[in-house]
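Encoded as structure tokens, the structure appears first; notes follow it.
Note that ligands are numbered from 1 as they come in the structure, with each ligand's atoms numbered from 1 the same way.
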Amino acid sequence: MNARTYLDHNATSPVRPEAREALLAALDATGNGSSVHAEGRASRGVMDVARARVAALVGANPAGVIFTSSGTEADALALTPDYRRGETPIRCDVLLVSAVEHAAVLRGHRFPTDRVEVLPVDARGRVKLDALDAALERHSAAGRRVLLSLMVANNETGVIQPLAEAARRAHAHGALVHTDAVQAAGRIPLSLPLLGADMMSVSAHKLGGAPGAAALILADPDLRPAPLIGGGEQERGRRAGSENVPAIAAFGAAALRAADCVEADGTRINGLRERLEDALRCEFPELVLLVGDVDRLPNTSCLALPGVPAETVVIALDLAGVAASAGAACSSGKVAASHVLGAMGVSERIARSAIRLSFGWSSGEEDVDRALGVFRRVLPGLLRRRAAA
Ligand code: PLP
């Protein structure tokens, strides 16, 4: 079989060997983490280790980690109007989100739609802080408490948001702050205390864990979002249902490994991405690099061949052995232009041509070489077809 080049880590990353090992070991063990017997205690022990590792990845308190089944579920758990801190209820009246949030935030929240306000972003996809200030002032003058949800980094472009500054401004108005760190966790160093958010979503399958585990991490374990799923007292009554111990064990192993090598991998992966982007820019001046000169994740490249539909490029690359994606994985297969690029003011023609290449922990120089070889084979034909159309 010809070797394939996987450049879609933002959709899902391959399972790291350490995570696979932890997953298989936990699969071989019996025991529900809620049971009092030895087998149950062993499963609970496995989860406690994973909880500490996931918390350590973002410098948080393990007691603040609520395991969920997916990043989508973690976002939905956080984005509720109803909170408690200890015994005191906290009611959020309005949800503020940036226009470039993932669908899990834009469509997964639990607010009535007339209580959601979408904040504009600038041409590079960063939330406009003056629009945030204006919204915060307007809502606090009307006596409304805000819940702000602003991602650390975007899944389509990799652009990093000014989260610490936004959180500082939001807190000055008594708001709660959630951040979706699903793409950033394990790819750049993250500190929940330094970012200043009240809670953060992370997902195992983006950082080399297995699908089926994710977490909402609370900076203050006494802050409790209204549960999304009622039932048993798992996760301290914050998320009912027997935990997915094997996936959680793998999540912990992946988080530990990611934390150990996040700096070194970030530098290495940034080098791979830069080499690919530089070569493509030089050899194919028709390619547009959609975000370059801005703080962004080291692994993500967003490119467009204007006038050639993204699906056409993705299929041609796939047939030639490169896995890439057209915008967000969740919207691939659909012809709709990306809401992220639309919010940045990118023209519809270019947005419909945008493809995403994303590197990760398993990527190496050979992936850049093979991807370049494939681009050299595939792009001239696509450009000829574009000229003939
Ligand atoms: N948030 C962001 C920024 C994402 O990129 C994704 C998935 O692509 C999600 C949330 C949803 O995560 P999951 O696939 O674990 O549900």
Side-chain angles (χ1 to χ4, degrees), residues 6-15 19 54 57-58 65-79 95 97-110 121 125-127 148-161 163 178-188 190 195 197 199-217 228-229 239 243-244 247-248 250-251 254-255 258 291 296-297 299-302 323-334 338-341 343-344 354-360:
Y6 187 76
L7 294 183
D8 204 11
H9 283 252
N10 287 11
T12 206
S13 251
V15 176
V54 169
L57 179 66
V58 299
V65 173
I66 308 175
F67 284 123
T68 63
S69 63
S70 63
T72 301
E73 186 193 330
D75 285 345
L77 178 58
L79 300 181
L95 174 65
V97 295
S98 84
V100 296
E101 297 300 314
H102 189 271
V105 167
L106 292 177
R107 296 208 292 270
H109 62 78
R110 292 185 275 162
V121 296
R126 290 169 307 188
V127 70
L148 169 69
S149 182
L150 180 63
M151 67 203 325
V152 177
N154 187 265
N155 44 302
E156 295 184 35
T157 61
V159 169
I160 295 175
Q161 294 289 344
L163 174 63
H178 164 256
T179 188
D180 178 334
V182 165
Q183 290 296 343
R187 303 218 168 105
I188 51 173
L190 283 185
L195 287 168
M199 55 221 143
M200 172 182 271
S201 303
V202 296
S203 182
H205 74 104
K206 308 287 187 187
L207 53 87
L216 180 67
I217 306 174
L228 190 58
I229 304 174
R239 196 271 187 183
E243 291 96 341
N244 183 346
I248 288 170
F251 188 10
V291 276
R296 58 182 173 139
L297 294 178
N299 75 320
T300 308
S301 222
C302 185
S325 130
C330 316
S331 59
S332 50
K334 276 196 276 157
S338 138
H339 72 281
V340 173
L341 299 177
M344 291 162 59
I355 64 159
R356 176 185 73 188
L357 307 175
S358 50
F359 292 91

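Between the side chain of Lys206 and the backbone N or O of Asn10, at least one donor-acceptor pair lies under 3.5 Å.
In summary, the atoms of ligand 1 found under 4.0 Å from a heavy atom of Met151, numbered by their order in the structure, are 3 (C). Taking every heavy atom of His205 and a limit of under 4.0 angstrom, the matching atoms of ligand 1 come to 13 (P), 14 (O), 15 (O). Atoms of ligand 1 found under 4.0 Å from any heavy atom of Asn155 (numbered from 1 in listed order, with element): 3 (C), 5 (O).
With a heavy-atom cut-off of 4.0 Å, Val182 touches ligand 1 through its side chain alone. With a 4.0 Å heavy-atom cut-off, ligand 1 is reached by no atom of Glu101. Heavy atoms of Ser70 found under 4.0 angstrom from ligand 1 belong to the backbone as well as the side chain. When non-hydrogen atoms are compared, ligand 1 lies under 4.0 Å from neither the backbone nor the side chain of Asn154.
Checked against side-chain contact (heavy atoms from CB on, under 4.5 Å), Ala255 has the following partners two or more places apart in sequence or in another chain: Val54, Leu57. Considering only residues two or more places apart in sequence or on other chains, His109 meets the side-chain hydrogen bond (donor to acceptor under 3.5 Å, both in side chains) condition with none of them.
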Practice item. Would you sort out whether Ser13 and His205 count as a side chain to side chain donor-acceptor pair (under 3.5 Å), showing the intermediate values? Key: CA-CA 6 Å; Ser13 251; His205 74 104; over 6 Å; no

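Looking at Asn299 and Ser358, their side chains never bring a donor and an acceptor atom within 3.5 Å of each other.
Considering backbone and side-chain atoms together, Gly71 places an N or O closer than 3.5 Å to an N or O of ligand 1.
The two residues Asn155 and His102 have their closest heavy-atom pair at ND2-CD2, 3.5 Å.
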